[in-house]
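On a predicted model such as this, the values are computed, not experimentally measured, just so you know. Values below: all heavy atoms of this structure, side chains included; hydrogens, waters and symmetry mates excluded. Labels below follow one simple rule: chain letters A, B, ... track the order of the sequence lines, proteins then strands, and each chain is numbered from 1.
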Amino acid sequence: MVRVHHRAPFLLVGYNLPTMPAVGITPEWIAELRRQLLRWFELHKRPTPWRDNPDPYRVWVSEIMLQQTQTATVIPYFERFIARFPDVHALGAAPLEEVLRYWEGLGYYARARNLHRAAQLIVQNGGHLPTTAEQLRELPGIGAYTAGAIASIAFGQPVPVVDGNVTRVLARLLWLKGDLKRHAAQKQLWQLAEQLVDPDHPGAFNQALMELGSTVCTPTQPRCPECPVTHLCEAYRRGQPTAVPEPSRRIPTRTVVDVSAIVEREGRVLLAQRPPEGLWGGLWEFPRTTRSARESLETLAIRAAEQLGIQVEPRQLLLQLRHVVTYSKIHLYGYLCAWHSGEAQCGPYRAVAWLTPEELQHYPLPAPQRKLAEALQNQTVQGTLF
DNA sequence: AAGCCGGGGCT
DNA sequence: AGCCCAGGCTT
């Protein structure tokens with residue numbers, strides 16, 4: 001016998017997939033979860049431009065931007081992007097370089113490249129987004145999560161979504177132990193979410209689950225007093241809301257030093273374009289390289305200059321140092337292999353250009369490089385090494 | 001299954 | 001200054 005408003009009996013069994021509860025998800029429990037989440041969401045959802053006007057194209061753009069990026073960060077980017085590319089036709093017709101310029105600062109630039117490619121595919125197929133998760137999934141940049149999000153939010157399809165927020169909320173509600181990033185666990189979470197999603201309000205339900213995860217059921221400091229479903233939450237009942245989900249293995253990080261060379265000539269600065277794929281693909285940057293942080297600054301600067309193929313000339317060359325943390329390896333990004341009489345040729349870089357400060361505005365740069373460009377314009381670049 | 005993308009938030 | 005976060009894609 002299970003009573004509503006009372007903890008359902010959880011029984012953790014470990015025969016095959018020990019992360020999943022065998023008992024506890026009753027129809028009453030699900031109905032109460034839906035009711036409470038939908039009510040809470042209606043009261044507490046953050047106003048966003050894509051919620052104010054959820055046409056499929058806008059939902060799509062917002063969901064791509066929201067991958068790995070928080071809502072507050074996305075909003076101003078979304079508004080600028082939509083103002084310039086108001087529909088799929090405008091996006092498909094625009095040059096990639098301009099799309100990247102509007103994406104500048106958001107990171108993960110493959111998202112912009114895929115969005116652009118997908119827009120062109122959609123235009124070729126009549127200009128309408130597919131309406132089912134399965135069909136959406138075929139577009140570049142749309143995986144299981146984004147397909148479910150667009151299908152449920154924009155088209156009202158009763159399909160689930162599982163992202164990091166949903167994973168965390170479900171782990172806490174149902175006390176799911178183990179590494180939930182593993183494929184077997186993710187598969188189970190999708191099945192679970194499929195059972196839970198409200199068939200009458202799939203978009204609101206999915207957004208409610210994610211919104212709860214991002215504003216209340218947060219990773220390190222959950223605001224349980226503000227949570228509408230503590231009475232359904234096993235982690236809360238145990239008094240250990242942050243004990244689940246358990247952390248998964250992390251790739252160790254290393255500190256490296258990132259060196260940019262600012263080469264000026266007759267009021268122009270030297271920029272290089274990165275290869276179309278990989279880190280900062282297709283973006284431009286001041287010629288730069290990275291080296292192990294263990295070397296002395298002097299050695300580092302000399303080696304960096306050699307690496308960039310630039311002869312050290314005190315008045316022309318400025319090296320800006322910045323510490324960065326990468327995931328697992330030290331990147332060596334690109335180099336200029338020749339530098340003579342105003343001509344610069346490049347190795348892994350795709351192209352080089354001498355740009356005036358005005359022209360610099362129209363080229364997509366990674367966020368740290370844009371900051372350097374702005375510092376250069378404001379004449380605040382200091383720390384000359386030579 | 002594991003690693004690569006790259007910003008921002010938090011401590 | 002360093003740790004944490006995370007969907008899609010490649011290998």
Side-chain angles (χ1 to χ4, degrees), chain A residues 60-78 100 103-118 133 136-150 160-171 178-187 189-190 193 206 210 213-215 217-223 242 245-258 274-283 285 288 290 293 321-333 364-372:
Chain A
W60 172 40
V61 171
S62 73
E63 286 299 336
I64 299 297
M65 287 187 172
L66 286 164
Q67 293 169 1
Q68 278 75 38
T69 312
Q70 297 191 349
T71 299
T73 306
V74 164
I75 289 174
Y77 283 94
F78 179 85
L100 287 171
W103 207 268
E104 186 188 290
L106 275 177
Y108 292 98
Y109 299 93
R111 295 184 297 175
R113 297 195 299 269
N114 286 332
L115 192 68
H116 186 239
R117 265 177 59 214
L136 286 160
R137 184 72 181 72
E138 294 171 14
L139 290 166
I142 299 185
Y145 162 74
T146 308
I150 298 172
V161 296
V162 174
D163 70 348
N165 290 315
V166 173
T167 298
R168 186 170 55 255
V169 172
L170 295 184
D179 182 354
L180 300 182
K181 285 199 168 71
R182 297 180 70 84
H183 288 158
Q186 280 293 308
K187 199 177 164 190
L189 283 164
W190 277 92
N206 286 337
M210 294 189 284
S214 60
T215 63
C217 195
T218 52
T220 59
Q221 306 261 321
R223 301 163 174 75
T242 59
E246 293 174 324
S248 56
R249 196 185 68 80
R250 287 213 158 259
I251 300 163
T253 61
R254 279 189 235 177
T255 300
V256 301
V257 175
D258 177 322
R274 299 179 54 83
E277 303 296 328
L279 180 70
W280 294 335
L283 275 68
E285 66 186 14
R288 61 185 279 285
T290 59
L321 294 179
R322 183 176 73 88
H323 287 277
V324 298
V325 178
T326 69
Y327 270 132
S328 60
K329 73 172 194 183
I330 295 174
H331 302 279
L332 178 62
Y333 294 121
L365 268 58
Q369 295 274 304
R370 176 60 69 189
K371 284 176 190 157
L372 193 50

Take the protein atom [atom1] of [X] and the nucleotide atom [atom2] of [N], then report the distance between them rounded to whole Å.
X	N	atom1	atom2	value
A/Glu104	B/dG7	CD	P	9 Å
A/Leu66	C/dC5	CG	C1'	14 Å
A/Leu115	B/dC5	CG	C1'	17 Å
A/Arg111	B/dC5	CZ	C1'	10 Å
A/Lys181	C/dA6	NZ	C1'	7 Å
A/Ile150	C/dG8	CD1	P	9 Å
A/Arg370	B/dG8	CZ	P	14 Å
A/Asp163	C/dG8	CG	P	9 Å

Tell me what [X] touches on the nucleic acid: a base, only sugar-phosphate, or nothing, going by heavy atoms under 4.0 Å.
X	answer
A/Pro247	nothing
A/Ala144	sugar-phosphate
A/Thr146	sugar-phosphate

Among [options], find the nucleotide with the atom closest to the side chain of [X].
X	options	result
A/Leu279	B/dG9, C/dG7, B/dC5	B/dC5
A/His183	B/dA1, B/dC5, C/dC9	B/dA1
A/Gln70	C/dG7, B/dG9, B/dG7	B/dG9
A/Lys371	B/dG8, B/dG7, C/dG8	B/dG8
A/Asn165	C/dG7, B/dT11, C/dA6	C/dA6
A/Gln221	C/dA6, B/dT11, C/dG8	B/dT11

Checklist entry - Among all residues two or more places apart in sequence or in another chain, which pass the salt bridge (Lys or Arg N to Asp or Glu O under 4.0 Å) test with A/Arg113? => result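 Salt bridge (Lys or Arg N to Asp or Glu O under 4.0 Å) list for A/Arg113, sorted by chain: A/Glu277.
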
Item to check | Over all atoms of both residues, closest heavy-atom pair of A/Arg137 and A/Ala147 | outcome: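 Result for this residue pair: N-CB, 4.0 Å.
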
Checklist entry - How close do A/Leu100 and A/Ala112 get, heavy atom to heavy atom, and via which atoms? => result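 In this case the closest contact between A/Leu100 and A/Ala112 is CD2-CB, 4.0 Å.
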
Item to check | Whole-angstrom distance between C/dA6 and B/dT11, as gauged at atom P | outcome: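 15 Å, rounded to whole Å.
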
Next on the checklist: Nearest heavy atom decides the nucleotide; on that basis, is A/Arg249 or A/Thr73 closer to the 5' end of DNA chain B?
Outcome noted: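 Its nearest nucleotide being more 5', the pick is A/Arg249.
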
Look at the side-chain N and O atoms of [X] and state whether any lies under 4.0 Å from the OP1 or OP2 oxygen of [N].
X	N	value
A/Tyr109	B/dG7	yes
A/Gln68	B/dG8	no
A/Arg182	B/dA1	yes
A/Arg168	C/dA6	yes
A/Trp103	B/dG7	no

Item to check | Minimum side-chain heavy-atom gap A/Tyr145-A/Met210 below 4.5 Å | outcome: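 A side-chain contact exists here, since the closest heavy-atom pair is under 4.5 Å.
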
Item to check | Matching residue for A/Ser214 among A/Asn165, A/Val169, A/Asp163, A/Leu66 - test: side-chain contact (heavy atoms from CB on, under 4.5 Å) | outcome: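 Testing each of A/Asn165, A/Val169, A/Asp163, A/Leu66 against A/Ser214, the sole residue satisfying side-chain contact (heavy atoms from CB on, under 4.5 Å) is A/Asn165.
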
Checklist entry - Without hydrogens or angle criteria, can the side chains of A/Arg111 and A/Asn114 be said to hold a donor-acceptor pair below 3.5 Å? => result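 Their side chains do not contain a donor-acceptor pair, so the 3.5 Å distance test is not met.
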
